[in-house]
Every structure is written in C-alpha cells, then in structure tokens.
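Report on one structure; see the data block that follows.
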Amino acid sequence: MIECYCAATANSQKATMMLEECGVAHERRIVDLASGEQGSPAHLERNPAGAVPVIVDSDGPNGEPITVSQSLAICLYVAKKSGKLLPEDPRLHARTMQWSAFGASDLAACATALYLLSRPGDEQERALEIVSGRLTRHLAVLDGQLAGRDYVAGDFTMADVMIYPTLLPPFVDDVLRRGPSFANIEAWLKRMAGRPAIARGM
Ligand SMILES: N[C@@H](CCC(=O)N[C@@H](CS)C(=O)NCC(=O)O)C(=O)O
C-alpha cells in the first residue's frame with residue numbers, strides 16, 4: 001500500500017493524479033500546510049525539504065518500504081511500478097521524459113516564482129527574501145544528502161549532472177558565498193569539477 005502525503009497543491013496533484021490514472025492503490029494523508037505540519041519532525045523524516053508530495057510504499061523494491069519525494073520522481077516511480085504512462089519505445093520515452101522535465105522544471109519554477117512574487121503585500125525585497133530562503137533550504141537538503149556520500153545518489157549518476165550546473169556562477173553563487181556554509185556541497189563541487197568529462201562538458 002502506498003501512502004501519499006499531500007495537500008491541495010499542484011505538485012501534490014501530479015502525484016495523486018498519477019496514482020489514480022495508473023490505478024495504483026493508495027491512501028491520501030493530508031498534510032496541513034497552513035499550520036506548518038510540513039515542518040513537523042515526522043514529516044521532515046519523510047522529506048528533509050519539508051514539502052509535499054511524498055509517497056511511502058510499504059511494498060517497495062524487494063518488498064522493502066521506500067519513501068520518495070519530488071513529484072517527478074514519484075510519477076516515475078508510479079509509472080514503473082504500474083507499467084503505465086511511461087512508454088518503452090525509445091522515441092516516445094524520450095518525448096515523455098522531455099515534457100515531464102518541462103513540467104517539473106521550467107514551468108513549475110516560473111509558476112512558483114510568479115506566485116511568490118505576486119502575493120499581495122510582498123514588496124520586491126520581501127520576495128527576494130522568500131526566494132533566497134527557499135533556495136537556502138534546498139541547499140541545506142542537498143548538503144544533508146551529500147553527507148557521507150561522494151555523489152548525490154551515492155555513485156555518480158545523472159542526478160549529479162542535473163544539479164551541478166545550476167550551482168555554478170552566476171546562478172546560486174551568491175547564496176552559496178554569503179549564506180550559511182555548506183561543506184558537503186563545496187566538497188562535491190570540487191569533486192565534480194575534477195571529473196574530466198564534466199570539465200569537457202563545460
Ligand atoms: N519540486 C518539488 C516541490 C515541492 C513543493 O515545493 N511543495 C510545496 C507545495 S506545492 C510545499 O510543500 N510547500 C510547503 C512549504 O514550502 O513550506 C516537487 O515537485 O515535489
């Protein structure tokens with residue numbers, strides 16, 4: 001059985017719509033964002049980023065429980081578990097991944113930024129504070145993930161490639177330099193920079 005920790009938000013709806021469309025048995029566990037439940041120790045245990053959606057599958061790989069956050073990763077997990085909505089044909093697979101990444105990154109980032117920056121009462125300074133606060137929170141999560149690991153998922157994977165360039169100047173450089181220090185990220189940045197193929201890809 002899959003428990004889906006969610007709220008009435010777009011990212012949660014990606015997870016619950018996918019679970020419904022794929023006919024995967026699940027139960028919704030509503031996280032009360034207004035009261036800050038996403039920051040409770042129980043939820044942070046599920047997702048150190050303090051965000052929804054999160055799924056907990058008691059019957060994960062090899063019958064072992066697994067917890068997955070990030071709506072794109074959840075949708076991929078559900079697609080693979082059910083064998084639905086992720087075509088195997090290489091062309092259709094690539095196209096499906098292209099548009100999934102578009103939804104999860106470009107589109108979601110713009111829509112979220114617009115939402116944060118246009119809330120009534122938020123002056124630009126306050127908006128910048130909100131966005132850099134969120135970025136710092138994401139960096140803290142990444143730093144925690146890199147503790148005791150050479151790379152984001154343990155071994156070097158596509159996930160490192162998906163994250164590394166965004167952390168290079170000029171994007172989040174300022175937050176990295178002026179904010180709290182993230183020793184694990186700094187070490188990983190050096191490790192990444194030392195990979196000849198990464199250097200060639202710059
Ligand atoms: N990239 C993540 C974003 C998750 C996210 O930001 N969730 C929001 C709701 S849409 C949340 O939980 N916000 C609570 C908070 O920031 O305190 C995903 O796709 O799942």
Side-chain angles (χ1 to χ4, degrees), residues 5 9-11 14-15 38-39 41 43-55 60-61 66-77 80 93-94 96-117 124-202:
Y5 292 84
T9 69
N11 287 315
K14 292 172 197 168
Q38 68 276 30
H43 193 73
L44 290 175
E45 181 74 27
R46 290 177 212 115
N47 180 7
V52 289
V54 179
I55 58 166
I66 185 170
T67 302
V68 185
S69 59
Q70 290 295 336
S71 54
L72 176 59
I74 292 172
C75 289
L76 277 171
Y77 180 84
K80 291 202 171 199
H93 185 93
T96 306
M97 287 307 301
Q98 173 186 318
W99 286 104
S100 299
F102 170 81
S105 57
D106 294 351
L107 197 61
C110 279
T112 304
L114 187 64
Y115 168 73
L116 290 172
L117 297 176
Q124 196 189 1
E125 207 166 300
R126 169 83 184 117
L128 282 173
E129 196 181 299
I130 293 171
V131 175
S132 61
R134 282 171 77 96
L135 181 56
T136 304
R137 201 170 75 180
H138 294 322
L139 292 174
V141 170
L142 178 62
D143 198 69
Q145 176 65 13
L146 283 166
R149 291 185 181 88
D150 281 350
Y151 294 101
V152 174
D155 292 335
F156 177 73
T157 67
M158 171 181 140
D160 298 285
V161 177
M162 289 294 292
I163 296 169
Y164 179 64
T166 311
L167 301 194
L168 297 176
F171 298 112
V172 301
D173 198 43
D174 205 43
V175 173
L176 273 175
R177 275 189 292 108
R178 290 197 210 168
S181 70
F182 295 113
N184 300 318
I185 293 181
E186 297 296 347
W188 172 77
L189 288 173
K190 289 199 181 87
R191 215 170 285 129
M192 289 293 286
R195 294 185 68 91
I198 289 290
R200 285 199 302 276
M202 295 283 286

Completion exercise
The reported gap from CG in Leu168 to CD1 in Ile163 (rounded to nearest 0.5 angstrom) is 12.0 Å
Problem - Pairwise side-chain contact, Arg149 with Asn184, heavy-atom cut-off 4.5 Å (strictly under) - result: no
Handout entry: Heavy-atom closest pair, residues Ile185 and Leu146
Key = CA-CD1, 4.0 Å
Exercise for the section: Indicate yes or no for a side-chain donor-acceptor contact from His138 to the backbone of Ala49 under 3.5 Å, with no hydrogens or angles considered. Expected result: no
Practice task
Quick one: pull up OG1 in Thr67 and OH in Tyr5 and give me the separation to the nearest 0.5 Å.
Solution key: 8.5 Å
Practice task
Give a yes or no answer on whether the side chain of Asn47 reaches the backbone of Val54 with a donor-acceptor pair at less than 3.5 Å.
Solution key: no
Problem - Atom CE of Met97 with >12 non-hydrogen neighbours under 6.0 angstrom - result: yes
Exercise for the section: Would you confirm whether Gln145, through its side chain, and Val152, through its main-chain N or O, come within 3.5 Å as a donor-acceptor pair? Expected result: yes
Practice task
Please answer whether the main-chain N or O of Ala153 pairs with a side-chain N or O of Thr157 as donor and acceptor at a distance below 3.5 Å.
Solution key: no
Completion exercise
Across all chains, not counting sequence neighbours, the salt bridge (Lys or Arg N to Asp or Glu O under 4.0 Å) partners of Arg191 are Asp150
Practice task
Let me see the working for Asp160 and Trp188 under side chain to side chain donor-acceptor pair (under 3.5 Å), right down to the final yes or no.
Solution key: CA-CA 9 Å; Asp160 298 285; Trp188 172 77; 2.9 Å; yes
Handout entry: Summary of side-chain hydrogen bond (donor to acceptor under 3.5 Å, both in side chains) pairs that have at least one residue in residues 96-107, sequence neighbours excluded
Key = Arg95-Gln98
Fill in the blank from the handout: In short, Ala108 meets Ala104 closest at the heavy-atom pair CB-O, 3.5 Å
Practice task
Answer yes if the side chains of Tyr164 and Arg195 hold a donor-acceptor pair under 3.5 Å, and no otherwise.
Solution key: no
Problem - CD1 on Ile66 to CD1 on Ile55, rounded to 0.5 Å - result: 8.0 Å
Handout entry: Heavy-atom pair with the smallest gap, counting every atom of Ile74 and Ala15
Key = CG2-CB, 3.9 Å
Problem - Point-to-point distance, once rounded to the nearest 0.5 Å, from OH of Tyr115 to CD1 of Ile130 - result: 9.0 Å
Handout entry: Flag, side chain of Asn11 to backbone of Ser71, donor-acceptor distance under 3.5 Å
Key = no
Completion exercise
Sorted by chain and number, sequence neighbours left out, salt bridge (Lys or Arg N to Asp or Glu O under 4.0 Å) with Glu129 holds for Arg126
Handout entry: Stepwise side-chain contact (heavy atoms from CB on, under 4.5 Å) test for Met192 and Leu167
Key = CA-CA 11 Å; Met192 289 293 286; Leu167 301 194; over 6 Å; no
Practice task
Starting at SG of Cys75, measure out to CD of Gln70 and round the result to the nearest 0.5 Å.
Solution key: 11.0 Å
Practice task
Any chance you could measure Arg137, atom CZ, to Leu142, atom CG, to the nearest 0.5 Å?
Solution key: 14.5 Å
